[in-house]
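Notes follow the structure.
We name chains A, B, ... by the order of the sequence lines, and we start the count at 1 in each one. When reading the values below, keep in mind they use all heavy atoms of this one structure, side chains included, and skip hydrogens, waters and symmetry mates. A quick note: this is a predicted structure, and the numbers were derived from the prediction, not measured.
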There are 2 protein chains.
Amino acid sequence: MRTVNPEKHAVRRAAILSAAAEVFAERGYDGATTAAICKRAGVGSGTLFHYFADKRTMFLAIVADDLTTVTAGLERIDRTDPVRALDEVLGLLTADLGDPVAPGLAAAMIQLARRDPEFAATVIAKDESARRAVAALVVDGQATGAFAPDTDPDRAARWIVAITDAGHLISDDPGFDTATERAELRRIVASYLGRRRTPGPGLPR
Amino acid sequence: MRTVNPEKHAVRRAAILSAAAEVFAERGYDGATTAAICKRAGVGSGTLFHYFADKRTMFLAIVADDLTTVTAGLERIDRTDPVRALDEVLGLLTADLGDPVAPGLAAAMIQLARRDPEFAATVIAKDESARRAVAALVVDGQATGAFAPDTDPDRAARWIVAITDAGHLISDDPGFDTATERAELRRIVASYLGRRRTPGPGLPR
DNA sequence: TCATTAATGTAGCGCGCACTCCATTATTGG
DNA sequence: CCAATAATGGAGTGCGCGCTACATTAATGA
């Protein structure tokens with residue numbers, strides 16, 4: 001008789017996943033070959049497919065980790081102060097801004113989501129939950145007078161989430177400093193939602 | 001003797017390119033097969049490769065059209081009034097927001113740019129020129145007092161371009177109305193750059 | 001120690017891909 | 001009308017891919 005050692009199994013699995021994430025980030029979903037992942041992870045293809053059914057499953061596992069982290073984090077936020085809570089949500093959504101594989105993975109996710117409906121559903125679900133959380137906080141903030149009342153919460157939420165996603169895509173630009181740009185992103189959101197004392201000069205509509 | 005008919009040649013070429021753009025948008029760069037492009041364009045593979053050296057060249061041609069349109073448009077903008085000029089730049093950058101192939105092409109461009117340095121260079125060049133234009137207008141606007149002075153023009157320009165790009169990626173979301181969201185994008189930029197009379201409640205930094 | 005089976009590497013397979021070859025057709029100038 | 005050759009379609013090709021078959025090794029329980 002022989003049983004699986006779940007500890008060793010999990011370690012090996014995580015190592016492969018980590019290598020795979022790097023390759024996916026560098027080459028995109030289609031561009032990442034299983035051979036390259038094997039080489040990076042230092043295993044044979046037999047081992048790779050002993051741990052994962054196929055390439056798609058591997059990618060699913062990689063992004064699922066990230067998505068559950070975000071959604072779980074959203075649940076845990078204290079919503080008594082909407083301004084502070086929104087700040088925390090932004091922190092969550094930009095948590096992996098400094099991660100070197102983040103921009104590549106974001107691009108790969110966009111790539112796969114456009115033609116894999118099931119995968120798209122999971123990604124959209126995460127974006128949806130983030131949007132809902134932001135929209136609710138915008139409503140609260142408008143109620144307390146912290147945010148300008150003339151903003152549609154759902155529309156604003158969509159844009160705010162889109163902007164954080166945009167941040168991931170440019171986070172490997174030269175001169176991109178995580179802390180600085182995260183602060184700038186907060187400024188953008190704050191000015192977008194913030195109570196404007198006057199209509200301001202702004203841009204003509 | 002027989003000479004090429006440049007007119008017919010151009011028409012056919014454009015038709016193939018149009019079909020290719022649809023397929024690239026639907027399936028991504030790697031996912032788009034030359035067979036699918038042939039079928040969509042209603043031509044044989046011999047014809048396809050009679051007009052284009054390879055798949056990559058086709059994609060280059062598609063995006064080159066768009067890029068030159070933007071860069072040429074940027075040159076032509078009247079910069080006397082920075083606020084109005086910036087508005088026009090935003091209009092240029094969001095000109096194809098309603099184009100159904102735009103989000104897919106944007107995704108495909110991101111995909112290819114991550115592993116094709118030469119292609120990346122042309123895309124970056126367009127972004128760079130847009131950034132430079134925006135940054136210059138921010139400087140002008142700050143000089144005239146239209147924009148808040150405490151914004152780094154280069155950083156702001158990067159984010160503004162990134163936000164317009166983000167708009168393209170979400171422009172096929174359900175409920176996305178081009179005119180409405182373009183106006184919203186302008187509101188975001190206006191509030192971001194706009195002179196803030198007071199520091200405002202905003203989000204804590 | 002031994003039987004059992006999980007874990008692993010490797011050779012290779014089938015398939016779908018970008019692209020080519022070539023015979024045929026259409027279109028031009030003379 | 002007649003070359004000459006551009007234009008075209010489609011069969012075909014080589015190759016790189018995801019994935020599998022399988023032999024071998026290592027780890028476990030009895």
Side-chain angles (χ1 to χ4, degrees), chain A residues 1-62 108 111-112 114-116 118-119, chain B residues 1-62 108 111-112 114-116 118-119:
Chain A
M1 209 34 191
R2 191 189 161 192
T3 58
V4 315
N5 185 331
E7 210 169 295
K8 291 194 71 169
H9 189 91
V11 168
R12 197 84 151 127
R13 188 186 138 99
I16 293 175
L17 233 42
S18 165
E22 290 178 21
V23 178
F24 279 126
E26 286 170 12
R27 320 267 311 203
Y29 179 76
D30 291 307
T33 67
T34 56
I37 295 172
C38 287
K39 197 173 184 182
R40 185 74 59 99
V43 302
S45 60
T47 307
L48 188 80
F49 289 101
H50 176 73
Y51 282 88
F52 300 95
D54 50 28
K55 178 174 157 178
R56 180 171 173 276
T57 304
M58 293 181 62
F59 194 67
L60 271 273
I62 290 170
Q111 178 178 358
L112 186 57
R114 297 215 119 253
R115 64 159 190 258
D116 185 329
E118 188 193 333
F119 174 69
Chain B
M1 211 30 188
R2 188 186 165 194
T3 59
V4 313
N5 184 332
E7 210 170 294
K8 292 195 69 170
H9 189 90
V11 167
R12 197 82 151 127
R13 189 186 137 100
I16 294 175
L17 233 41
S18 166
E22 290 178 23
V23 178
F24 278 127
E26 286 169 12
R27 321 268 311 201
Y29 179 77
D30 291 307
T33 67
T34 56
I37 294 172
C38 288
K39 196 173 183 181
R40 185 74 60 102
V43 300
S45 60
T47 307
L48 188 81
F49 289 101
H50 175 73
Y51 283 88
F52 301 95
D54 51 27
K55 178 174 157 179
R56 179 172 174 275
T57 304
M58 294 181 61
F59 194 68
L60 272 273
I62 291 170
Q111 176 179 358
L112 186 58
R114 299 216 117 253
R115 64 157 189 260
D116 185 331
E118 188 192 333
F119 174 70

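Pairing each heavy atom of B:D30 with each of A:G31, the nearest pair is OD2-N, 4.1 Å. The minimum heavy-atom distance between B:A61 and B:R13, with the atom names listed, is CB-NH2, 3.9 Å.
DNA chain C is contacted by B:D54, B:K55 of residues 50-60 of chain B, taking any non-hydrogen atom closer than 4.0 Å. Within residues 21-34 of chain B, the residues having any heavy atom closer than 4.0 Å to DNA chain C are, in order of number, B:A32, B:T33, B:T34.
For the pair A:R12/A:H50, no side-chain contact is recorded, criterion being any heavy-atom separation below 4.5 Å from C-beta on. Here the side chains of B:Y51 and B:V43 are not in contact, with every heavy-atom distance at 4.5 Å or above. In this structure, the side chains of A:R114 and B:Q111 stay at 4.5 Å or more apart for every pair of heavy atoms. Counting heavy atoms from C-beta outward, A:I16 and A:M58 have side chains that approach closer than 4.5 Å.
Classified by interplanar angle (parallel below 30°, tilted 30° to 60°, perpendicular above 60°), the ring pair A:F24/A:Y29 is parallel. By the 30° and 60° cut-offs, the orientation of the rings of B:F119 relative to B:F59 is tilted.
Counting to the nearest Å, the C1' atom of C:dA6 and the CZ atom of A:R12 are 13 Å from each other. Separating the CZ atom of B:F49 from the P atom of C:dA18 is a distance of 7 Å, rounded to the nearest angstrom. Rounded to an integer number of Å, the gap from CD of B:E7 to P of D:dA6 is 19 Å. Atom-to-atom, CD1 of A:I16 to C1' of C:dT8 comes out at 10 Å; the value is rounded to the nearest Å. As rounded to whole Å, 14 Å separates atom P of C:dT10 from atom CG of A:L48.
Considering only side-chain N and O atoms, A:H9 lies under 4.0 angstrom from the phosphate OP1 or OP2 of C:dA7.
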Please write out the pairs of protein N or O atoms and N or O atoms of nucleotides 27-30 of chain C separated by less than 3.5 Å, giving the distance to one decimal.
from: C:dT27; atom 1: O2; to: B:R2; atom 2: NE; distance (Å): 3.4
from: C:dT28; atom 1: OP1; to: B:N5; atom 2: ND2; distance (Å): 3.4
from: C:dT28; atom 1: O2; to: B:M1; atom 2: O; distance (Å): 2.4
from: C:dG29; atom 1: O4'; to: B:M1; atom 2: O; distance (Å): 3.3

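In this structure, NZ in B:K55 is found 11.0 Å from CG in B:L48, a value given to the nearest 0.5 Å. Distance check: B:F52 CZ to B:L60 CG gives 11.0 Å after rounding to the nearest 0.5 Å. Residue A:E26 holds its CD atom at 4.0 Å from CZ of A:R40, rounded to the nearest 0.5 Å.
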